[in-house]
Structures are given as C-alpha cells and as structure tokens.
Amino acid sequence: MSFQPQYMSGREIREQFLQFFEKRGHQRLPSASLVPEDPTVLLTIAGMLPFKPIFLGQKERDYPRATTSQKCIRTNDIENVGRTARHHTFFEMLGNFSFGDYFKKEAIAWGWELMTQVYGLPPERLIVSVYKDDDDAFDIWHQDIGIAKHRIQRMGEDDNFWKSGPTGPCGPCSEIYYDFHPEKGDTNIDLEDDSRFIELFNLVFMQYNRDSDGNLTPLQNKNIDTGMGLERMAQVLQSVPNNYETDLIFPIIKTAAEIAGIDYSQSDDKTKVSLKVIGDHVRAVVHTIADGVSASNIGRGYVVRRLIRRVVRHGRLVGIDGAFINQVAETAMQLSEAVYPNVRDRESFIKAELEREETQFLKTLERGEKLLAEILEAKPKQISGEDAFTLYDTYGFPLELTQEIAEENGIGVDVAAFEAEMEKQRERARAAHETIDLTVQGSLDKLAEHIHATAFLGYTDVQSTAKIEALLVDGKIVESAEAGSEVQVVLDRTPFYAESGGQIGDRGYLSGDNVVVRIDDVKKENDIFVHFGRVERGTLNSGEAIAAKIDRACRRRAQANHSATHLLQAALKQIIDDGVSQAGSLVAFDRLRFDFNCPRALTPDEVQQVEDLVNTWIAEAHSAQVAEMPLEDAKAKGAVAMFGEKYADVVRVIDFPGVSMELCGGTHVHNTAEIGAFKIISESGISSGVRRIEAVSGPAVLDYLNLRDRVVKDLCDRFKVKPEEVSDRITSLQEELKATQKELNAVKAELAVAKSDSLVSEAESVGEFKVLVANLGTADAKSLQTAAERLQQKLGEAAVVLGAIPSVGKVSLVAAFSKGVNQKGLQAGKFIGGIAKLCGGGGGGRPNLAQAGGRDASKLPEALEAAKQQLADGLK
Ligand code: SER
C-alpha cells in the first residue's frame, strides 16, 4: 500500500488541469479580479462567482464550457490559518464549468480521469462522497467508474449541498477525497477525519436557485461547477505535511524565517504557526492590492488592513523587530508574477501601500506597549478581559503577547472575559455580513422576466421614436398615468444614457399626442433602461408610441466632463506615477470627481501641472476614435481598464490617440477642443491610499469662475480695495485684530482683578476657614487664576472658587485652596475637576491651585452653588 506520489510543481498542477479541460472543449479564461462584480460578497470566494449571472440565466453564455484558475479569498476561518494543515485566506481554485452543456456523467468521469491519469493518484487512495439522495451520482460512480459501494459515502446537506451564499445558485455535490492512511481500512471511513482524509475536488451539480426564504427553484439549465484547491493538490503531490510547505508558499516562509534569523524546521509549533500565517497572508495582500484595494477601515479595505496587521504581529512573535513586509512581499511577487503579471505591473503601488500600513501599525503597536505598561503600573491582580481585548482589537496585540508580558510581571489575564469580548465582536461581524447579503437584487429584477433589453441609441442620436414597454407608478406596473404622476418608464429603445461608469443619466422629455413627460434620471439594470420622471401634461399610456428627446445642453456638459476625466487620468499617470489607477468616479452635468489610488497627497505644484497638461491637450484639439473590439485586443493596445471592474468580452474603447485610451461605455466629445477648459477645484484624501480630485470642465468652468468672481467683487466692495489688494488688506486686518484682542485681554484681567478685590467682603466663614465662591462674568481663564490666587492670599486660610464664561458656550473654573484646606482633605485639582463635570467638562491641577473648563455655560450657576455646598460640608 505504500505509495509515493510523483512530484509536481504548483505551476505544473495548474497547467495540467487547464490543459486537460481545454482538450475537452473548455475555453480557458483568465482569473477574474478578487474584487467581484457580485454585490453579495466582498471578495471573490469561489471559482464559480464570475459565472453566477450565467448560471442564473441573467447573462448569455459566451462559451458552453470554461476552465479557470481563480484567485479566491475567504476570511471566515482566518483564526485557523496556520493552525490546521489547509486553511487559507488566499488560495487558487481550479475549476471546469458547464453552462447548460454536459452534466454529472461527464463531470464525474473527467474528474476521475484527471485524478488518476493526470495526477497519478491510485484509485485505492481515493474515496468519494455524494449527496444523500443523489442516486444518479451514486450509480455513475459505481457502475460507470467502478467504485465499490462502500467507498461511496452518502453525506448530508451540510457537506454535500453547495451554495454560494444564503441565496443564489446551488445544488448537490460530489467530492473526491485523498486517503493518507489507507492502511486503516475500509470499514471505518470518516471523511471528517482530516488527519486521514483531504477533500481534493468538489463537483457541484448546479441546478437550483435559492431565494431568501430558502425555497429552491430549478434553474433554466443544469450546470457544472467544480473546484479543486491548487494548494491542497500541491500538498499531496509534493508529499509535504501541509499546504504551507508547498512550493506555492514555502519560499515566503523561508524569507520570513531568514529575516528573523531562525530555521523553520528547527522551530517550535508556535513559531511555525506564525510563519505560516505570514506565508498565507502576504500572498493575500499582494494580490488584493494588485486588484485595486487599499487598506482602510471598511469593507474589503478592512480585510487588507487586518491581514497586514496580522503579518506584522506574527513577525514580532517570531522575533522580527522593524519593518519587513516588503521583503516577504517581494518573494510572494516572484512566486506569482509569471501567472499573474499584474502584481509586477502594480509593484510600486503594492510596496508603497504595504510600507505605509506597516509603519503606521508599528507605531500603533508602540502605543499599545505604553498602554500595557500603564495598566501594569497600577499593579492589578490580573489583566482584565476588556483591557486584553482593547489591546488586541485596537493595538493589535495577540492574546499570547499580552499573556507573556503579564506573566513576566507575575500576573495572569482574564482569558474567559477576553473570549467573551471576542465573541461579541464576532456577532457584530456576523450582523454586518448579513446586511451585505440583503442588498442583493433590485426591484427591477421582476421586470426582467417580461421585458427585453432596451436598445441604446444615444451614442449617435439625441432623439428617437419609441414604444412604452412598461409603465410604473410607485414601483407597480400600471396601464396609464395622469398628469402630476411620478412615473418610471421602460422603452423599447432610447437615446437617453442610463447612469453607469460614473456618468449620471440623461435628462429630457418624452412626448406623444397630448402628453408630455419630463425625465430627470435614467437608471438601468440588466440592460433594461428605466426613465424616471413626471407626467407634466395629458395621460401616458402603456404600449403607446412617443418621441424621446434628451436635453442636449446637459448631455454636452456630461460629455465634456467625461472626456475631461479621461484626460485627467492620463495626466495623473504622466505627472505623478504610471501606477495611478482609478478607484471611482462621478461624471455629473456641473462637475466631475475622480478617485484614484495613490499613497500620498499631491503637491500644489503637481496639481497645477496636471491641470495645465489637461488644458494643453484640450487646446491641441485631439479627435476621439471610438471602436468596439475584443477585450484582449484592447488590453494589448494598452487601453486603461479599471482595476476590479469586470468587462464584457467585447469592449468599447475611447481613444484620443497619443493622449488617452480607456475602456468606457460613456458618452464623449468628438474632439478635445469641445471641452473648452478644465479647472481643478480640490485635491484631498478620502481614505488611506485613496485621493480625490474634484474639477469642472466645459461651460461649468465659467459657472465656477463667475461664482468666484462674485466673491472677490464682494470683498473688494466691502474693503474698498482692488482685487490684488484683498490679500494684504486681510493680513493687516488680522494683525489689527490680534493686537486688539491682546489689549482687550489685558484690560479684562485688570478688571477682573480689580473686581475681585471687592469680593473679599463677600467671603463667608465656615469653621476656621473663609469660603468664597463667585461668578466673574466674562473674565478669561488667566484673569480668573490671578484673581483666585490674590483672593486666597488676602483671605488667609481659605477656599476660593471662581467661575466665568469667557466666550460663548465656554466655562472657565478655578480653585485656590490654602494649606489648611488641603489638610481637611480637600484638593483643589480633584475638587474643581468634579465641579467642571457639572458643566460638561473636566480638568484638574495641583492641590493648592487648579483650573478646569466646561462646555455647558447654562450650568455654571448650578455648579458654583454645588461648590459652595461641598466646601461648606467639607470644611465644617
Ligand atoms: N463552488 C464549489 C466550491 O467552491 C466548487 O467550485 O467548492
């Protein structure tokens, strides 16, 4: 029974798989981006995800069969990474897909042939499972393939019914497992025992759609979706004890170990886990950033941030002190660049992003260390679960690290309370995940069943006749709508552009015999265009023929802004960095907004250069060339595509030759000269690593300049100066104001002090002490302090508390206590802090003199009254 698999490199395993299915009529397709088009998931979680619309019948298939090696990320089991032999965040899933073409028989036969003939695994090492009542699959395995009945396990819903999420395509599946220990015999097969079995290949018979109530409806077609984990197959064929020690990941681990100055093979289990986490996560972040995601605190950006932080933390656990992530990332890039060239194309970005996050996080860790030192200074009996959790969650301290440091100080950590906090956080995460899943299908989906895609004429025409295919009021289909109704209209064809690619929908009118409808917005879903508007006059009837006409002035503005956005991107690439890439955009009638990945702010000089370059291109009058072509051709020509965006196989390319070439479905000027002018209004950061430029072009530039001009004219009128003198005038006014403020403060202080002298007589006696509590009106904090000190000196053994409202909504308080008062146990600092709390603030200071502030001025009388009472009680 002893068997040694024939070694195969990860690259070879991938290639053999794809070739095998190519030879069997499958179209080999590149991996889709890790950023999915599907809104129900944050990241691509399975090879089938890019094909979901085809399975659901929402999109035509381009090929009946396909095969891919898909980059995937799953983070639901992140805590298990490195601890088990096969949990990953990033992994590659090899798959073969049938879109209503072949089904179980072929999928099973080819799956078996691949395992035994291509990868050379002996049948006695393979066990299969089927869904509990899938007799068809059982019979194919038994009769066609010849597997003994007892080696075909029937499994339940949890194991052998695959679904991509709570809703969506799903179906029974059949899995092929590898047996590491066939010597244990056939009688006690437990496929859950992962020390003996590993699932290698999952064949899903995708034939149902599941709705949000859990109901299954058969899909139009019976499909096949299979998934084979590349790393798992590598573990088996490279005879290593886990996925991490395969040639796909181990070189990264080795780099990390070298930096730490340790030897992986000699390390204890804990160190090995940390090195494996580094190996896994570094691949994940390199690919996710390459696909356009930047670290942030939300969504997929948070996944990236969390993974980077875990790498840094585990680096420290294995003894690496400073920055190291880019050294390991370099190894990860070397491992994948041949198959995924975008990691090299994006190298400078990936590295800048990693460096920035790592540096920031190292600083956070330092702050955490300080916090921990403070916690320990208070000499607690143990570190509370809450503190340990804050250290973990906010400062990135793994529990083990906190435990270690606690142990060095002779105390423990309340682990149970820590776990309880962790569980609370998991629940929060689960709740957040569910909200994502609920955003799935727009209400327009319902229409898709009855109506054909709308023909879009707007690239060439600004008006056309059209037929009303559907008319809706309040989201319900109606036959007619009267004047005054807000309507949604679906036409068979339209010149109106529907919001997409950042460009907003056209405005305009629909008109027929005695009816006029004003259209304010157009959106589309599944290529059905919905015109949102209001019946201005007459009655609109479903089925009737109307004339559809867009507002040409609005369209011209949108065109200018859209083409200007393309020029802006080209200028940023030329002036800032070729790696600058689009992260989002808005093309409206009055302005444009362009978000892009860039790890730093632009200097004012760079912003000016970018603006100048765009205006140069406008003046040079470049004509647009618009063409449709296969995606691959467009990419080969160097057309810019947006990272993470999924494109159809035939794409539209907007080319201003020599200046900018982009994939885009939007509407554009015919020549850059039509844009007229371009002006950047602002450049700012919107999240870490993502910058935003807001700008105007075309007629909007004049609108903007007119607005600015009015502001300047108004200032000139008010200051009675010329425009070029405004700035000097403001500077001198500011200086004057400062000097006046200074004088005013001095006068206020004098006044307060003078007024305070008269207060001596208002002091009351409490026991052997004098107590004086008074409101000094609008005196500032400094005057208040001078007055309090003087009064206390004059009164001898005394407690003086003064309050004032120096500016709107601001409270100032001060307490001056003599030695005797302190001996009675009253400290000025603590005392005034308590009083300030009553005014929504706080503060403190020394026992004899202390200041505090608050924000709720209305509470000052009450607070002073309380001070009086407390002093009377305390000094009795
Ligand atoms: N979709 C299935 C899985 O992810 C098979 O590809 O396991």
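Worth knowing before you read on, the calculation uses all heavy atoms, side chains too, and leaves out hydrogens, waters and symmetry mates.
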K.L.:
Evaluate Glu421 against Lys424 for side chain to side chain contact (heavy atoms under 4.5 Å, CB included), listing each step before the verdict.
P.N.:
CA-CA 5 Å; Glu421 294 291 330; Lys424 273 192 224 158; 3.3 Å; yes
K.L.:
So do the side chains of Tyr178 and Phe197 get within less than 4.5 Å of each other, counting heavy atoms only?
P.N.:
no
K.L.:
Are Lys276 and Glu231 within salt-bridge range, i.e. N to O under 4.0 Å?
P.N.:
no
K.L.:
Is the Tyr102-Trp110 ring centre distance short of 6.0 angstrom?
P.N.:
yes
K.L.:
Whether the Thr246 and Gln238 side chains hold a donor-acceptor pair (N or O, under 3.5 Å, no angle test) is what I'd like checked.
P.N.:
no
K.L.:
Counting the benzene-type ring for Trp, do Tyr264 and Phe250 have ring centres under 6.0 Å apart?
P.N.:
yes
K.L.:
May I ask you to check whether His88 and Tyr244 place their ring centers less than 6.0 Å from one another?
P.N.:
yes
K.L.:
Side chains of Phe180 and Ile198: does their closest heavy-atom pair fall under 4.5 Å?
P.N.:
yes
K.L.:
With the threshold set at 4.0 Å, does a side-chain nitrogen-carboxylate oxygen contact exist between Lys254 and Glu245?
P.N.:
no
K.L.:
Under 6.0 Å from the ring centre and within 45 degrees of the ring axis: does the NZ or CZ of Arg154 meet both conditions for the six-membered ring of Phe138?
P.N.:
yes
K.L.:
Ignoring hydrogens and geometry, is there a side-chain-to-backbone donor-acceptor pair from Arg14 to Leu230 under 3.5 Å?
P.N.:
no
K.L.:
Charged N to carboxylate O under 4.0 angstrom, Glu15 versus Arg28?
P.N.:
yes
K.L.:
Are any of the side-chain nitrogens in Asp291 or Lys71 under 4.0 Å away from the carboxylate oxygens of its partner?
P.N.:
yes
K.L.:
Can you confirm whether or not the ring centre of Phe418 sits under 6.0 Å from the ring centre of Tyr392?
P.N.:
yes
K.L.:
Any ion pair linking Asp136 and Lys105 (charged N to carboxylate O, less than 4.0 Å)?
P.N.:
no
K.L.:
Measure the shortest side-chain to side-chain distance between Asn96 and Arg24 over non-hydrogen atoms and say whether it is less than 4.5 angstrom.
P.N.:
no
K.L.:
For Asp186, is there an ion pair with Arg151 - N to carboxylate O distance below 4.0 angstrom?
P.N.:
yes
K.L.:
Taking 4.0 angstrom as the limit, do Glu355 and Lys351 come out as a salt bridge?
P.N.:
no
K.L.:
Any salt bridge between Glu357 and Arg306, counting N to O under 4.0 Å?
P.N.:
no
